[in-house]
Trainee: 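Quick one: the structure is below, questions incoming.
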Amino acid sequence: MSANVYDELKERGFVAQVSDEEAVRKMLAAERVTFYVGFDSTATSLHAGSLVPIMAMVHLRRAGHRAIAVVGSGTTMVGDPSGKTEMRQMLEEATIRAQGQAILIQLARYLHFDGTSAIAVDNADWLLPLPYISFLRDIGRHFSVNRMLAAEAYKLRLEKGLSFIEFNYQLLQAYDFLTLFREYHCTMQMGGDDQWGNILAGVDLIRRVEGGAAEALTFPLLTTASGAKMGKTAQGAVWLDGALFSPYDFYQYWVNCDDRDVGRFLRIFTLLPLEEIRRLEELKDSGINEAKRVLAFEATKITHGELEAEKARQAAAAAFGKVGPAGGATGAKSDVIGDITVLPTTAVPRSRLEAGIALAGLFTEVGLTPSRKEAKRMIEQGGLYVNDERIDSIERLLTLKDLGPDGGLLLKAGKKKVHRIVPAD
RNA sequence: GGGCAGGUUCCAGAGUGGCCAAAUGGGACGGGCUGUAAACCCGUUGCGGAAACGCUUCGGAGGUUCGAAUCCUUCCCUGCCCA
């Protein structure tokens, strides 16, 4: 059992706040610690932001500790008001349950639940049957409304309105921790920094009710250097589910990160040794793209597997390898002219190509542009390309003549969004 | 339950009968410069149309009017104050 998991986590940037740093460090060095992280069942998939707790769990588990992943179907029915401006949309119980199941399956990919060193539970199992009055008497009496109201997490909501149901969230999360403490001797809860108050409430509750000692650790809420929330793009969340967000796009998400974020991201989202990361951080100017490719490959490998990561890498190399007629300058690395066929592809009936296809429609059809109107606008602005050649007129039709030697052709929207078209008979 | 103030396009926020597809700012997107980065500069930002123009939008439903985001009725929702 490594003596330094805590220090490793800290050095990698996983630690925002800890209840008692010395106690946690000692505990993690001396014994097999059971810890937990909760995940909301608000969607059918987790997104890139959730990788922070996931990776922390992976590190701890590798160091010999026991991980409990709690899917929060019970708490999701209530909704956490912490740091939120508005009340969360109420979801149906069946929906929440189904989403919880999906998330559990997703988590299994990283944690390989075996019932002993990685355990999966759903808090709906113990929260839903709770009897109201005895819950109030046993648990509710330990909570001070005065203190809750003073908490920073509720400040926003006191201005905008906070309903009673949400006000109970903290009690439920604290009760989760108490339950896990009792059932599994779980002594540490981790979560995003916005969960600090909720986690501490659990630590307090364990002390008051059981006289037990438990610890809290939070992760920094990552934002990108440009201020955006981690794991969000203009199109929406960076889902971990390949069906919602393709491995190729996932790979590109990391490649396109801000220079300033590369080091931080390598530490958190990859398992590369720190020495290797430090070496990559030394890269400057255009060399830093090499570090980004490593980041993208490693991160994609963890979420989608090595095969998908490799495909994504090759597709990116193909799309940005500067081999097209328009690419004057030679690309940085001409080692791999990647496999172009792994790019997102749509087959179009040959007859349509014979007749000639209006481009604005086709770009929209394959999802490169949201509407024909937008596609036309982009053509006017010189933002759409066929085989790396700028489309100069909205009259332009796509025909068989556009097919390249490989039998397909490439559509580009902007410099980065690519889609391959192949004829179908 | 009573009183007051509100619900506008991705967000914030103007607009109070025609000049409104709707100011301004932010965001986003495209172009330029670069390194698939940042910063900066230019442009775009409801849908359809090559265009003329048409269509759908201002919480929901109904109504007044030649004409409504703007007026009336009613319903839903939010905030504040009082109970």
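Keep in mind that what you see is a predicted model, and the values were worked out from it rather than measured. Chain identifiers are assigned alphabetically (A, B, ...) following the order of the sequence lines, protein sequences preceding nucleic acid strands; residue numbering begins at 1 within each chain.
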Trainee: Need one value for A/Arg396: base, sugar-phosphate or nothing, where a base atom within 4.0 Å counts as base even if backbone is also close, heavy atoms only.
Mentor: nothing
Trainee: Got a sec? Which of residues 358-373 of chain A come in under 4.0 Å of RNA chain B, heavy atoms?
Mentor: A/Ser371, A/Arg372, A/Lys373
Trainee: Check this one for me: any side-chain N or O of A/Arg377 less than 4.0 Å away from OP1 or OP2 of B/rC47?
Mentor: yes
Trainee: Should A/Arg390 be listed as having a side-chain N or O under 4.0 Å from OP1 or OP2 of B/rG32?
Mentor: yes
Trainee: Is it true that A/Arg377 and A/Glu380 make a salt bridge, defined as a side-chain N closer than 4.0 Å to a carboxylate O?
Mentor: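 Not counted as a salt bridge, because no side-chain N and carboxylate O are separated by less than 4.0 Å.
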Trainee: Find which nucleotide of RNA chain B each of A/Gln381 and A/Lys415 is nearest to by heavy atoms, and output the residue with the more 5' nucleotide.
Mentor: A/Lys415
Trainee: Considering every strand and a 4.0 Å limit on heavy-atom distances, what is the contact class for A/Tyr251: base, sugar-phosphate, or nothing?
Mentor: nothing
Trainee: Checking all strands, does A/Leu384 fall into the base, sugar-phosphate, or nothing category for heavy-atom contacts under 4.0 angstrom?
Mentor: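 Answer is nothing: A/Leu384 stays at 4.0 Å or more from every strand.
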Trainee: Give me the ring orientation class for A/Phe250 and A/Trp254: parallel if the planes are under 30° apart, tilted from 30 to 60°, perpendicular past 60°.
Mentor: perpendicular
Trainee: Contact class for A/Glu380 (heavy atom, under 4.0 Å): base, sugar-phosphate, or nothing?
Mentor: nothing
Trainee: Using only side-chain N and O atoms of A/Tyr385, determine if any of them is under 4.0 Å from OP1 or OP2 of B/rG31.
Mentor: yes
Trainee: Taking OP1 and OP2 of B/rA37, is either one under 4.0 Å from a side-chain nitrogen or oxygen of A/Lys292?
Mentor: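 No, outside the criterion.
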